[in-house]
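Here the structure comes first, spelled out in structure tokens, and everything after it is commentary.
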Amino acid sequence: MTETIENLRDFNYFKLNTNKHVLVEYIWIDGTGERLRSKTKVYDTPIKSLDDVEWWTFDGSSTDQAITKFSEIYLKPVCMVRDPFRGDPHKLVLCETYKPDRKTPARFNFRWIAEKIMQEASDIDPWFGIEQEYFMLKRTGTTHLWPLGWPVGGFPYPQGRYYCSIGERNNFGRALSEAHQRACLYAGLKLSGINSEVAPSQWEFQIGIAHGIEAGDHLWLARYILERLGEEFGIDINYDPKPIQGDWNGTGAHCNFSTTKTRENGGYEYIKEFMLPLLEKNHQKMMLLYGLNNEARLTGKHETGEYNQFSWGDGSRGCSIRVPIITKELGKGYLEDRRPAANMDPYLVCSALVDATCMNGKNLMTLIEQFAESLKQL
């Protein structure tokens, strides 16, 4: 049975009963722009803050971020949390990647520009809530992957009964999703909830409310923890925007966004009269930053708007932008950008939202150029 959990191990590992060592897991985005890598450094001194964590290097030619002749890539620690796998005092540390001069960002390092945009926008205090959807896939044979709980090579009952479902016939993968929630909360990430999604073995976790650059940091670390737990459960995590063709929902990463003005009285009118026209004006540019293969998902069906057409609605899940009913009722609140794909980079998406609505789109072309440059082959 494809839903059988194989290779389940105790992920609390052999306890390191010593006060002499701290294990720091350095984590970074690799040359795919969608996957993470990590390696461990042993410290024999206490690690209390990022200032205690050194820059490190790795072989960029093995991660598609450098050529062999100039393979050294630097890791700059930027966000540190508790390690839910090894326990205290050990740490997970998210890193930016830089070329040997320590100044030039390596492929798919967009955090540096996102941080600049967020710092410039600090007066508007941008808040984010990101709804990260994903599929759980099981291996059938040696190479073929198929969703957990689905008949091998076949299809289950039509979607719908699986959303926020309970029961063995409807819900597949709760053990992994629950373990992920607990591990993220232990780590100190701003994970605010989980739920099963519309298709069987499709799940979602939510990050937020997160402030500025924190949204991207916490989402990437939550993805890391999810992938690590997938190792223990024998489950592959899939972020493809349309992993299963046919009458099945794609996989997105809806981004909820607010500023001081949207959260104040009159915020609903501000969203409607000021923000939405700017989002429509910049729609085509922003779509270039919202995940690869997203056009396969944004068809106007399956709770999506259309890729090339901007739309919005109060409480509508068939639009580019949903303005929640509670925002309309209260006259203030937030909007939900339903366009980002599950494989998006949160640094790009959050930056694009802030820039398009609050900075007259002055950085959008730079973001697009940086993304396009990273997509080029080495």
Side-chain angles (χ1 to χ4, degrees), residues 23-43 47 50-81 83 91-118 213 216-228 230-231 236-241 288-294 341-352 363-378:
L23 307 183
V24 175
E25 195 72 14
Y26 285 65
I27 302 162
W28 71 94
I29 302 162
D30 72 8
T32 66
E34 297 180 11
R35 293 296 180 180
L36 293 157
R37 307 283 180 120
S38 74
K39 64 176 185 172
T40 308
K41 188 177 183 68
V42 178
Y43 283 82
I47 302 296
L50 276 176
D51 292 335
D52 300 322
V53 184
E54 303 169 346
W55 285 51
W56 205 12
T57 61
F58 67 94
D59 173 15
S61 67
S62 296
T63 64
D64 203 24
Q65 289 170 288
I67 60 175
T68 304
K69 188 177 180 180
F70 303 102
S71 63
E72 290 287 282
I73 298 293
Y74 272 101
L75 291 168
K76 175 188 176 182
V78 293
C79 182
M80 183 172 72
V81 299
D83 187 336
K91 307 295 183 184
L92 302 181
V93 175
L94 184 67
C95 300
E96 290 185 27
T97 52
Y98 285 90
K99 294 183 179 180
D101 62 4
R102 294 196 182 204
K103 297 178 181 179
T104 306
R107 290 184 80 193
F108 293 102
N109 174 9
F110 306 121
R111 188 185 184 279
W112 66 275
I113 189 170
E115 188 168 34
K116 286 184 178 181
I117 290 171
M118 295 304 170
I213 199 68
D217 291 347
H218 284 221
L219 184 65
W220 274 116
L221 284 168
R223 285 174 172 175
Y224 174 82
I225 291 172
L226 183 60
E227 295 263 10
R228 282 285 304 275
E231 294 176 14
D236 182 64
I237 307 301
N238 183 281
Y239 298 110
D240 192 299
L288 298 174
L289 301 168
Y290 275 24
L292 298 178
N293 197 36
N294 202 12
N343 62 352
M344 62 79 172
D345 187 311
Y347 298 129
L348 292 177
V349 169
C350 293
S351 295
N363 295 298
L364 279 179
M365 284 310 302
T366 301
L367 290 169
I368 291 168
E369 288 166 3
Q370 291 290 324
F371 186 44
E373 187 64 28
S374 286
L375 289 172
K376 292 179 181 178
Q377 293 297 313
L378 289 174

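Residues Ile29 and Asp345 form a side-chain contact, since some pair of their non-hydrogen atoms from C-beta on lies under 4.5 Å apart. Taking 4.5 Å as the limit, some side-chain heavy atom of Leu92 sits within range of a side-chain heavy atom of Ile225. Side chains of Glu227 and Leu36 form no contact here, defined as non-hydrogen atoms less than 4.5 Å apart. By the 4.5 Å heavy-atom criterion applied to side chains, Tyr239 and Glu34 are not counted as neighbours. Between Leu289 and Leu364 the shortest side-chain heavy-atom distance falls below 4.5 Å. Counting only heavy atoms from C-beta outward, the side chains of Cys79 and Leu221 approach each other to under 4.5 Å. A heavy-atom distance below 4.5 Å is not found between the side chains of Pro346 and His218. Here the side chains of Val78 and Glu115 are not in contact, with every heavy-atom distance at 4.5 Å or above.
Across Gly60 and Ile73, no two heavy atoms sit closer than the pair CA-CG1, 3.8 Å. Scanning both residues, Leu367 and Ala352, for their nearest heavy atoms gives CD1-N, 4.1 Å. The minimum heavy-atom distance linking Ala66 with Leu378 is given by the pair N-CD1, 3.3 Å. Nearest approach of Ser38 to Trp28, heavy atoms of both residues: CA-CZ3, 3.7 Å. Taking every heavy atom of both residues into account, Thr63 and Phe58 meet most closely at OG1-CE1, 3.3 Å. A pairwise comparison of heavy atoms in Cys95 and Pro77 identifies SG-CA, 3.9 Å as the closest pair.
In this structure, the separation between CD on Glu96 and CG on Leu75 is 10.5 Å, given to the nearest 0.5 Å. To the nearest 0.5 Å, atoms CG (Asn363) and CD1 (Ile368) are separated by 11.0 Å. Atom CG of Asp236 is separated from atom CD of Glu231 by 10.5 Å, given to the nearest 0.5 angstrom. Atom CE of Met118 sits about 6.0 Å away from atom CD1 of Ile213, to the nearest 0.5 Å. Atom CG in Leu288 sits 11.0 Å away from atom CG in Leu348 (nearest 0.5 Å). Annotation: the span from Tyr224 atom OH to Ile27 atom CD1 amounts to 4.5 Å, rounded to 0.5 Å.
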Kindly determine whether Arg35 and Asp30 satisfy salt bridge (charged side-chain N to carboxylate O under 4.0 Å, His left out), including the steps that lead there.
-> CA-CA 6 Å; Arg35 293 296 180 180; Asp30 72 8; over 6 Å; no
Mind running side-chain contact (heavy atoms from CB on, under 4.5 Å) on Met80 and Ile47 for me, showing each step along the way?
-> CA-CA 10 Å; Met80 183 172 72; Ile47 302 296; 3.6 Å; yes
Apply the test side-chain contact (heavy atoms from CB on, under 4.5 Å) to residues Glu25 and Thr40: give CA-CA distance (whole Å), side-chain angles for both, the deciding distance (0.1 Å), then the verdict.
-> CA-CA 4 Å; Glu25 195 72 14; Thr40 308; 2.4 Å; yes
Can you list the steps and then say if Ile113 with Thr366 is a side-chain contact (heavy atoms from CB on, under 4.5 Å)?
-> CA-CA 9 Å; Ile113 189 170; Thr366 301; 3.5 Å; yes
side-chain hydrogen bond (donor to acceptor under 3.5 Å, both in side chains) between Tyr347 and Asp217, worked out = CA-CA 8 Å; Tyr347 298 129; Asp217 291 347; 2.6 Å; yes
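Each of Arg107, Arg111, Gln65, Arg37 was scored for a side chain to side chain contact (heavy atoms under 4.5 Å, CB included) with Thr97, with one residue passing: Gln65.
Formation of a donor-acceptor pair under 3.5 Å by the Ser374 side chain with backbone atoms of Phe108 is found in this model.
Classified by interplanar angle (parallel below 30°, tilted 30° to 60°, perpendicular above 60°), the ring pair Tyr26/Tyr43 is parallel.
For Asp240, the side-chain hydrogen bond (donor to acceptor under 3.5 Å, both in side chains) criterion is met by no residue, not counting sequence neighbours.
For Lys39, the NZ atom is densely surrounded, since the number of other residues' heavy atoms within 6.0 Å is greater than 12. Within 6.0 Å of NZ on Lys99 lie no more than 12 heavy atoms contributed by other residues, nucleotides or ligands.
Geometrically, Lys76 does not engage Trp112 in a cation-pi contact, judged by NZ or CZ lying under 6.0 Å from the ring centre and within 45° of the ring axis.
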